Number of protein chains: 2
Amino acid sequence: MRVTGDQALVKKLNKSIVLDTIRRNGPLSRTDVSERTGLNKATVSNLTLELLEQKLVEETGLGASSGGRKPLMLLFNGAAGCAIGIELGVTLVKAALTDLKGGILLERSAPLGRHDPDTAFAVILEAVRPLLEEAPDTPHGVVGIGIGVPGMVDESGTILYAPNLGWEGVDLGARLEKEFGVPVVVDNEANAGAAGEREYGAGRHVRHLVYVSAGMGIGSGMIIDGQLYKGAWGYAGETGHMSIESDGRLCSCGSRGCWELYASERAYAYAPAAGGSAEGSGDADVRARDAASPSSLPALTTPELAEYARQGDAATLEMYREIGRRLGIGVTNLVNGFNPEKIVVGGPLTEAKEWIEPAMLATIAERALPYHRRELAVSFSELGSRSALLGAAHLAVSQFLGRVRVSL
Amino acid sequence: MRVTGDQALVKKLNKSIVLDTIRRNGPLSRTDVSERTGLNKATVSNLTLELLEQKLVEETGLGASSGGRKPLMLLFNGAAGCAIGIELGVTLVKAALTDLKGGILLERSAPLGRHDPDTAFAVILEAVRPLLEEAPDTPHGVVGIGIGVPGMVDESGTILYAPNLGWEGVDLGARLEKEFGVPVVVDNEANAGAAGEREYGAGRHVRHLVYVSAGMGIGSGMIIDGQLYKGAWGYAGETGHMSIESDGRLCSCGSRGCWELYASERAYAYAPAAGGSAEGSGDADVRARDAASPSSLPALTTPELAEYARQGDAATLEMYREIGRRLGIGVTNLVNGFNPEKIVVGGPLTEAKEWIEPAMLATIAERALPYHRRELAVSFSELGSRSALLGAAHLAVSQFLGRVRVSL
DNA sequence: AGACTTAGTTTATCCGATAGACAAAGTTTT
DNA sequence: AAAACTTTGTCTATCGGATAAACTAAGTCT
């Protein structure tokens, strides 16, 4: 059933507007808030009073006078509660306790040896429990847990399919909720990363954002009008399986030429023979390579390869150049289709950003449509390896604070 | 400045909910509306009264009793006003006068010889003026004009760039508004088509829809959560320039391997030599062809080629099979990235849908991710060549009726 | 004919936003 | 230092709109 209008809705909406305004625009007086939002001073006062009682806002003292009575400044109280963010990786579980502003209070990680859901669940419990126990005493306590997982998640928070974990239909959210008794939000790792960068990182104040997470695969989180876009059933963002080579390499998904085969760590397996330049090689060569030839790279993980790149290894540098180019091709596709304000590239692969960036930017500049690229910003993640972790925590915070939006 | 909540907003929201409910769900009693929307009976009665006074709703008599007093049925009054829809094509201007339900009252079209804005403007005037003059006398008169144009349109309705017309920065909307004195909505042809199919065609009751318009190029209109998605600056949907062949054919946009070079009427220029099967041909062949070889097709327009296809011409059939396959590849990319509920394919190319469809559907079935394709519907336009025309008219109607949306 | 049902309106009440008056606490001018 | 002015924030009366519940209207069923 649809949402209808009544006074409760009005209040919820306005309260959320006031809180958001204070949260985003630092210390403000009641009058400032009134002017910024268009709400009456009295309304702001009333709502602020409630927010003060809920401890979500605090008065931080008097501000500078502008020729009259000094204003009482209001600030969002990040310490009113905590949230837990979890990033479930293939080999590692990272967890953090944060305040409501995304400040990290405690952080833990635990290796993930086996991948079955029960083992993973146990590891998560072990990482989270101490965080819960050591959480500071705050008015609202731990308001929720957010988890980013490497797979597709449906609307109810069930992990439908996580190829790298070998999971299908695991209802992790419900299990954790039962275990800890706090609200749990489960989402895709790329969506969590997008939320993180948009809230705390490279995408602050951006309305339409695409976050590209490149690691062992590629996934995207799309933020449209400030909100995560999840598609009809929650599976949006599987851009790693966008074909950029109609009859290219065969992918594990059954399709061909998927972006992530060329522009993620999966590309390492297809590196050209040493000395061979990818530039001039025709596609026929690519086909031939696919079949057998062992990689010519000196290593097969990003940290190791980054070291070789640092030392100037030609094959490695050439490969990163090609990955950059292919990243640029895919990003261009997203830019032309979506017209985002900003593209943020993150994920483990970006440890090698130094050698990827030039080719990527050049390719986008060459190939994106002129109007689309004119006002487009492209950058790498600001939160580094913590995008998804902080984003997951923010998803929990965001659900707790409860945003209402109206469009005319 | 943001929208804040007050009673006026509540009323606007609820009134729009009531009107929409009646509009979409045929004859309903006040009680039905109350139950469907969750609004109080009294509220529905009040709002309905206003809608009756505005002539947007009418009472159509008593319905069947369900064991008590007979209900007074309410119906949306499509005859309360008119709208004008225009499709500005490269060679043709089509215009229609519709009622508020998208029913066509009058239709006109005029050839477009020269493409300069002044000529086009004159042709549009000539097509529209008689429609305005012969518009029936209705309570609200002509509520607005909607136009679909083959190019990129910014938020203000200015045509930024229309390559096929050779236009750059033409403020068609403002000129028409000044000329006719009614609100004008300008949008991309694909967006208009998407709106048309979503409202009156293959996409009714679909929340997340992608409409792919294939003609001399490819453009997409994306409807997200019932609303057209326009991107950060209004340029979203240029999917025709999504590269599906990283180092493929050089496109006029400067990029390579753009989808529309393989899956729109632009592909006719690259048809393989007669007898040569595209199936087994390597990419090297494609490259070689690009340079010079004249097309082996018996014709170069869709209507003519459709006739050859009907007669079983092998080269034509093979080409449409390949176009179908390439359409499927691009659609798969959109499906994996967007996870829409439904894909609707329309535009001039679909005159040949009979020979395109099998390969397209097979390709999607083969290549789309399992979860994405499981609940996906793919179909061709239901409104045929009128998608954009009716969609444009609907954009005007929709602006007139003024929808309010709230999300929690 | 009487009991029961369903449709739609009327009435009293509640809630929250608003304008404008007012109190509080400054700064500037004389 | 007193008076005049400014800015901040609260208080008060009012208004508009949703709601529940009572009520009227108009049916059906036994």
Side-chain angles (χ1 to χ4, degrees), chain A residues 1-19 21-22 27-54 57-75 404 406, chain B residues 1-19 21-22 25 27-53 57-75 404 406:
Chain A
M1 204 176 60
R2 280 143 104 179
V3 181
T4 58
D6 58 4
Q7 278 118 332
L9 178 80
V10 168
K11 186 169 187 181
K12 213 152 123 187
L13 168 64
N14 288 343
K15 197 166 170 182
S16 128
I17 289 175
V18 170
L19 180 56
T21 304
I22 296 172
L28 291 177
S29 70
R30 288 163 173 80
T31 303
D32 290 338
V33 174
S34 166
E35 278 166 4
R36 272 178 189 261
T37 59
L39 289 166
N40 188 281
K41 284 193 298 174
T43 307
V44 172
S45 261
N46 279 327
L47 296 174
T48 302
L49 187 67
E50 288 188 23
L51 290 170
L52 285 167
E53 280 164 2
Q54 291 178 268
V57 162
E58 50 183 5
E59 293 178 330
T60 58
L62 297 172
S65 162
S66 59
R69 173 173 165 182
K70 288 183 181 170
L72 244 173
M73 304 313 274
L74 302 167
L75 208 56
V404 184
V406 176
Chain B
M1 206 177 59
R2 282 145 100 179
V3 181
T4 58
D6 59 2
Q7 278 120 330
L9 178 80
V10 169
K11 186 169 186 180
K12 213 151 123 189
L13 168 64
N14 288 343
K15 197 165 168 182
S16 127
I17 289 176
V18 169
L19 180 56
T21 303
I22 296 172
N25 305 295
L28 291 177
S29 71
R30 288 163 172 79
T31 304
D32 291 337
V33 174
S34 166
E35 280 166 1
R36 271 177 190 262
T37 60
L39 289 166
N40 188 280
K41 285 195 297 173
T43 308
V44 172
S45 262
N46 279 327
L47 297 173
T48 302
L49 188 67
E50 288 188 24
L51 291 169
L52 285 167
E53 280 164 2
V57 162
E58 50 183 1
E59 293 178 331
T60 58
L62 297 172
S65 161
S66 59
R69 175 174 166 180
K70 288 182 181 170
L72 245 173
M73 304 313 277
L74 303 168
L75 208 57
V404 183
V406 175

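Below, read A as the first sequence line, B as the second, and so on, with proteins coming before strands; counting in each chain starts at 1. No hydrogens, no waters, no symmetry mates; every other heavy atom, side chains included, goes into these values. Given the structure is predicted, the values throughout are model-derived calculations rather than measurements.
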*Asks:* Between B:Lys11 (NZ) and C:dA17 (P), how many Å, whole number?
*Replies:*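 After rounding, the gap between these two atoms is 18 Å.
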
*Asks:* Looking only at heavy atoms, what is the nearest atom pair of A:Leu39 and B:Thr4, with distance?
*Replies:*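 Taking A:Leu39 first and B:Thr4 second, the nearest heavy atoms are CD2-CB, 3.6 Å.
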
*Asks:* Sequence neighbours left out, what passes salt bridge (Lys or Arg N to Asp or Glu O under 4.0 Å) with B:Glu59? Give chain and number order.
*Replies:*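 By the salt bridge (Lys or Arg N to Asp or Glu O under 4.0 Å) rule, B:Glu59 matches B:Arg30.
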
*Asks:* Using atom CG of B:Leu74 as one end and atom P of C:dA7 as the other, report the distance to the nearest whole Å.
*Replies:*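 B:Leu74 atom CG is separated from C:dA7 atom P by 12 Å.
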
*Asks:* Go through D:dG9, D:dT7, D:dG27 for me and flag the one nearest to the A:Ser29 side chain.
*Replies:*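 Looking only at side-chain atoms, A:Ser29 lies closest to D:dG9.
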
*Asks:* State the CG-OG distance between B:Leu62 and B:Ser29, to the nearest 0.5 angstrom.
*Replies:*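 One gets 11.0 Å once the value is rounded to the nearest 0.5 Å.
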
*Asks:* Restricting to non-hydrogen atoms, name the atom on B:Ile22 and the atom on B:Leu75 that form the minimum distance, rounded to 0.1 Å.
*Replies:*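 Nearest heavy atoms, B:Ile22 then B:Leu75: CG2-C, 3.8 Å.
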
*Asks:* Need to verify one output field. Residue with the more 5' nearest nucleotide on DNA chain C, B:Thr31 or B:Gly68?
*Replies:*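 Mapping each residue to its closest nucleotide by heavy atoms, the 5'-most match is B:Gly68.
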
*Asks:* If you go through the side-chain atoms of B:Gln7, does one of them form a donor-acceptor pair with the base of D:dG17 closer than 3.5 Å?
*Replies:*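 Flag unset: no donor-acceptor pair detected.
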
*Asks:* Identify the two heavy atoms, one from A:Leu13 and one from B:Val3, that lie closest to each other, and give their separation to 0.1 Å.
*Replies:*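 Smallest interatomic distance, heavy atoms only, reads CD2-O, 4.5 Å.
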
*Asks:* Tell me, which of residues 40-48 of chain B have any heavy atom that sits under 4.0 Å from an atom in DNA chain D?
*Replies:*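 Contacting residues: B:Asn40, B:Ala42, B:Thr43.
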
*Asks:* Rounded off to whole Å, could you give me the NZ-to-P distance for the A:Lys70 and D:dC5 pair?
*Replies:*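 After rounding, the reported distance stands at 23 Å.
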
*Asks:* Specify the residue among A:Arg69 and B:Gly5 whose closest nucleotide of DNA chain C lies further upstream toward the 5′ end.
*Replies:*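 Residue closer to the 5' terminus by nearest nucleotide: B:Gly5.
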
*Asks:* So does A:Thr4 get a side-chain nitrogen or oxygen closer than 4.0 Å to the phosphate oxygens (OP1/OP2) of D:dA18?
*Replies:*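 It does not, given that no N or O in the side chain of A:Thr4 lies less than 4.0 Å from OP1 or OP2 of D:dA18.
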
*Asks:* Starting at atom CG of B:Leu9, determine the distance to atom P of C:dT18, rounded to an integer number of angstrom.
*Replies:*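 From B:Leu9 CG to C:dT18 P: 11 Å.
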
*Asks:* Before giving the answer on side chain to side chain donor-acceptor pair (under 3.5 Å), spell out for A:Asn46 and A:Thr43 the whole-Å C-alpha distance, their side-chain angles and the decisive distance to 0.1 Å.
*Replies:* CA-CA 5 Å; A:Asn46 279 327; A:Thr43 307; 6.0 Å; no

*Asks:* Take the protein atom CG of A:Leu13 and the nucleotide atom C1' of C:dA17, then report the distance between them rounded to whole Å.
*Replies:*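 Checked: the CG to C1' distance equals 12 Å.
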
*Asks:* Among D:dG27, C:dG26, D:dA18, which nucleotide sits nearest the side chain of B:Ser65?
*Replies:*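 Shortest atom-to-atom distance from the side chain points to D:dG27.
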
*Asks:* So which heavy atom on A:Val57 is nearest to which on A:Leu52, and how close?
*Replies:*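 Closest approach of A:Val57 to A:Leu52, heavy atoms only: O-CD2, 3.2 Å.
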
*Asks:* Of the options C:dA7, D:dG9, D:dT7, whose atoms approach the side-chain atoms of A:Leu72 most closely?
*Replies:*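 In terms of side-chain proximity for A:Leu72, the closest of C:dA7, D:dG9, D:dT7 is D:dG9.
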
*Asks:* If you find the nucleotide of DNA chain D closest to A:Asp6 and the one closest to A:Pro71, which residue's nucleotide is nearer the 5' end?
*Replies:*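 The residue whose closest nucleotide sits nearer the 5' end is A:Pro71.
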
*Asks:* Mind calculating the distance between CG (A:Leu52) and C1' (D:dT10) to the nearest angstrom?
*Replies:*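 The distance from CG of A:Leu52 to C1' of D:dT10 comes to 14 Å, rounded to the nearest Å.
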
*Asks:* Calculate the interatomic distance between A:Glu50 atom CD and C:dG16 atom P; express it in whole Å.
*Replies:*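 The answer, rounded to whole Å, is 8 Å.
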
*Asks:* Over how many whole Å does the gap from A:Glu59 atom CD to D:dT10 atom C1' extend?
*Replies:*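 In whole Å, D:dT10 C1' and A:Glu59 CD are 13 Å from each other.
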
